[in-house]
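The first residue of the sequence shown is numbered 1, and numbering continues consecutively from there. For ligands, and for the atoms within them, numbers begin at 1 and follow the listed sequence. Just the heavy atoms: all of them, side chains too, but no hydrogens, waters or symmetry mates, feed the values below. Note that the structure is a prediction, hence the values are computed from the model and not measured.
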Amino acid sequence: MANDTTLQNIIAHCKEYGFIFQSSEIYDGLSAVYDYGQYGAELKKNIRDHWWKSMTQMHDNIVGIDAAIFMHPTVWKASGHVDNFSDPMIDNKDSKKRYRVDHLIEGYAETLGKEEADALLQNMDALLAAEDFAGLKKLIEDNKIKCGVSGTANWTDVRQFNLMFSTEMGSVADDADKVYLRPETAQGIFVNFLNVQKTGRMKIPFGIAQTGKAFRNEIVARGFIFRMREFEQMEMQFFVRPGTQKEWYEYWKEARMKWHLDLGISPDHYRFHDHVKLAHYADAACDIEYDFPMGFKEVEGIHSRTDFDLKSHQQYSGKKLTYFDTEINQHYIPYVIETSIGLDRAVMLVLSEAYKEEDLSTAEKQDSRVVLKFPPLLAPIKLAVLPLLKKDGLPEIARELMNECRPYFKCFYEEKDTIGKRYRRQDAIGTPFCVTIDHQTKEDQTVTIRYRDSMTQERIPLSAVKDMVMKTIQVY
Ligand code: GAP
């Protein structure tokens, strides 16, 4: 679809209209960390709420939890993150800059012709799969790949670098325990599996959902909020009887794609990417990819994780994590299907899909607008209420409409500037409906409603506004 220019335009628009800011911007920012502004926070919350509702309210057998970010350090040993959650890295000795090897080579491949680039990337994939670090270094040297900062090819050896952030818990340095900032929310679900199953009297198959922050010391963090060091995940672990995981994997693959498409996003912008090389704990895995401005990239993962995590926690904790299945009279460790979507990536997806630069020029005059065509359910503001004038009792009627609607959805009141300018500002933040209160409203109790996408206007009864908006934001 779009390209890098579009990405730069989206980033600039997000900053200008209060969606997303670089973290600590007044101190020149913190790399790959972002803050959500007044509209971005609403958009993100709406996506999170929609996901939470679709999981926990629309399914009898899925409940939500909110586990702590800090967990016992052994959790990360059991999960494999201490030993395996690392990427091969290389440092440039002159600039002291560290690169993820695959990103460095991919960046160089982008400067080559298609055939040469494909051959290079194929070579890289084979070396990565074989964990041949000497071979990767040779590949970088043979291709004379240079550091973007120093401009030299003076490289260290390739080494593994763990992506978890750690800190100390405890007041006395010597006694302090090393703890990690969780790199995924899933482990908070696994360690609470029996707590939830027993207290909720849950019967298999059932799911536990959670949203929350995760942290990864990504070395090359690129693509705006696509790859961040602090981000949010929305994960659901679905516990099933061993042997039924294949059918549940297919079920969740389809259910998650349907969730995406139900947002009104074009099916052409999605595709599945099945994993060929599976992680050691998985017996099937795929990504849902979206056509971001930088091309098709992962937004969500669906993984059939077998009984790896629960089994490992049982072994490391010494606590039994089995379930008694009364239907077949058997104790077993359940198998798990995981659905894992990055909330920030979902925000970026919705922004990429919604962002439109439209040429509205006519024979008489040149005109254009930037509009965010969000689905009404996700739009930060659903309705703008605009009195035509600041007098003649029009603001009072507008305020009454605001008071009627605001308990149900987020509204915005504005009386400054011409109506045309006010419409454009609402287009830029993606408000689907604007209502203008004018002198006719006083006479016949009707208002002008203006639709963001078509820019058409019509008169409707003042009393119908709230229900009309409500209808567009009820998806279930
Ligand atoms: N529990 C499984 C898990 O964490 P993952 O593929 O590493 O799997 C799941 O991550 C999702 O989290 C990804 O599909 C992506 O949407 C999001 N994600 C991962 N790393 C991210 C990062 N650095 N910045 C933003 N989102 C990220």
Practice task
Could you grab the distance from atom CG of D102 to atom CG of L127, nearest 0.5 Å is fine?
Solution key: 12.0 Å

Handout entry: Salt bridge D287-K297, side-chain N to carboxylate O under 4.0 Å
Key = no

Problem - T111 side-chain N/O to Y108 backbone N/O, donor-acceptor pair under 3.5 Å - result: yes

Practice task
Could you pull out all residues at least two apart from D307 that satisfy side-chain contact (heavy atoms from CB on, under 4.5 Å)?
Solution key: K311, I333, Y335

Handout entry: Check: N217 and M164 side chains under 4.5 Å, non-hydrogen atoms
Key = no

Practice task
Using heavy atoms and a cut-off under 4.0 Å, could you grab the residues that are in contact with ligand 1, chain by chain, numbers ascending?
Solution key: E184, A186, R216, E218, F226, R227, M228, F231, Q233, E235, E298, V299, E300, G301, H303, R305, E338, S340, G342, R345

Handout entry: K77/D83 ion pair, N-O < 4.0 Å
Key = yes

